[in-house]
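To keep things clear, I will list the structure first and then write my remarks on it.
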Amino acid sequence: MTISVNPVSQVQYTHNAPVKSPEKKDSGKKSISSKVVLSTLAAAGLVTLAAVCLKSKNKKKPDIKKLTDKVIKVKDMTPEEKEKLIKELQAKTDNSATKEEIRKLIESGEWDNL
């Protein structure tokens, strides 16, 4: 007695490569060139510089000459009169930078040039 085996059907299986999703493909594979990074940093620096310049341009500096109503010639004054004038003008303002500027202008004699 002989036994023979006849196939009922033939199916071929092929091994397919795994399908990669687009999220996995983009993560970590991109590289940014140094030119892009440098140009971005330069643009950010320029924007910051422009903002700082505009901010400082809008600040109004106090007009020191408006603190006094009369015309004062400092070059003819004695040191005691200068010190009295400095204290009088400094009493009219609260800003410490303005007070220092008043002292510097009167002591150097530049007050007359304003």
Side-chain angles (χ1 to χ4, degrees):
M1 166 167 208
T2 52
I3 301 175
S4 76
V5 178
N6 292 330
V8 178
S9 67
Q10 259 186 338
V11 178
Q12 288 185 344
Y13 292 102
T14 57
H15 179 60
N16 292 335
V19 178
K20 295 182 180 178
S21 64
E23 294 109 14
K24 290 182 182 177
K25 187 182 264 186
D26 292 338
S27 65
K29 299 260 179 167
K30 285 187 176 180
S31 63
I32 300 173
S33 70
S34 61
K35 289 180 182 179
V36 172
V37 172
L38 290 176
S39 63
T40 304
L41 288 174
L46 288 175
V47 169
T48 304
L49 179 66
V52 168
C53 288
L54 288 175
K55 186 177 179 181
S56 66
K57 186 178 179 181
N58 291 338
K59 287 185 179 177
K60 294 183 179 179
K61 295 182 180 177
D63 193 2
I64 297 173
K65 202 67 167 180
K66 289 183 180 179
L67 291 175
T68 180
D69 299 332
K70 53 190 173 186
V71 177
I72 302 170
K73 293 293 181 186
V74 177
K75 67 180 179 178
D76 300 332
M77 291 182 165
T78 63
E80 293 81 22
E81 291 174 331
K82 286 182 183 180
E83 189 64 34
K84 182 180 176 185
L85 177 65
I86 290 170
K87 288 184 180 182
E88 179 184 317
L89 293 175
Q90 286 179 344
K92 293 182 180 181
T93 184
D94 293 332
N95 190 351
S96 62
T98 306
K99 290 179 181 183
E100 291 173 16
E101 188 71 20
I102 290 170
R103 179 169 292 281
K104 185 179 100 177
L105 289 173
I106 291 177
E107 288 179 349
S108 66
E110 295 178 19
W111 182 266
D112 297 336
N113 297 334
L114 294 178

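Count residues from 1 along the sequence.
Listed by chain and residue number, nothing satisfies the side chain to side chain contact (heavy atoms under 4.5 Å, CB included) test with Glu100 (two or more places apart in sequence, or in another chain). Every salt bridge (charged side-chain N to carboxylate O under 4.0 Å, His left out) that Glu107 has, sequence neighbours left out, goes to Arg103. By the side chain to side chain contact (heavy atoms under 4.5 Å, CB included) test, Ser34 is found to be paired with no residue, residues two or more places apart in sequence or in another chain being considered.
The CD1 atom of Ile102 lies 10.5 Å from the CD atom of Glu88; values are rounded to the nearest 0.5 Å. Here the straight-line distance linking atom CG of Leu89 with atom CD of Glu101 works out to 12.5 Å at 0.5 Å rounding. Note that the CE atom of Met77 and the CD1 atom of Ile86 stand 9.5 Å from one another [nearest 0.5 Å].
In the hydrophobic clustering, Val47 connects to no other residue, as no ILVMFWY side-chain heavy atoms lie under 4.5 Å from its own. Through direct or indirect side-chain contacts shorter than 4.5 Å among Ile, Leu, Val, Met, Phe, Trp and Tyr, Ile32 is connected to Val36, Val37, Leu41. The hydrophobic side chain of Leu46 is isolated, with no ILVMFWY side chain under 4.5 Å apart from it.
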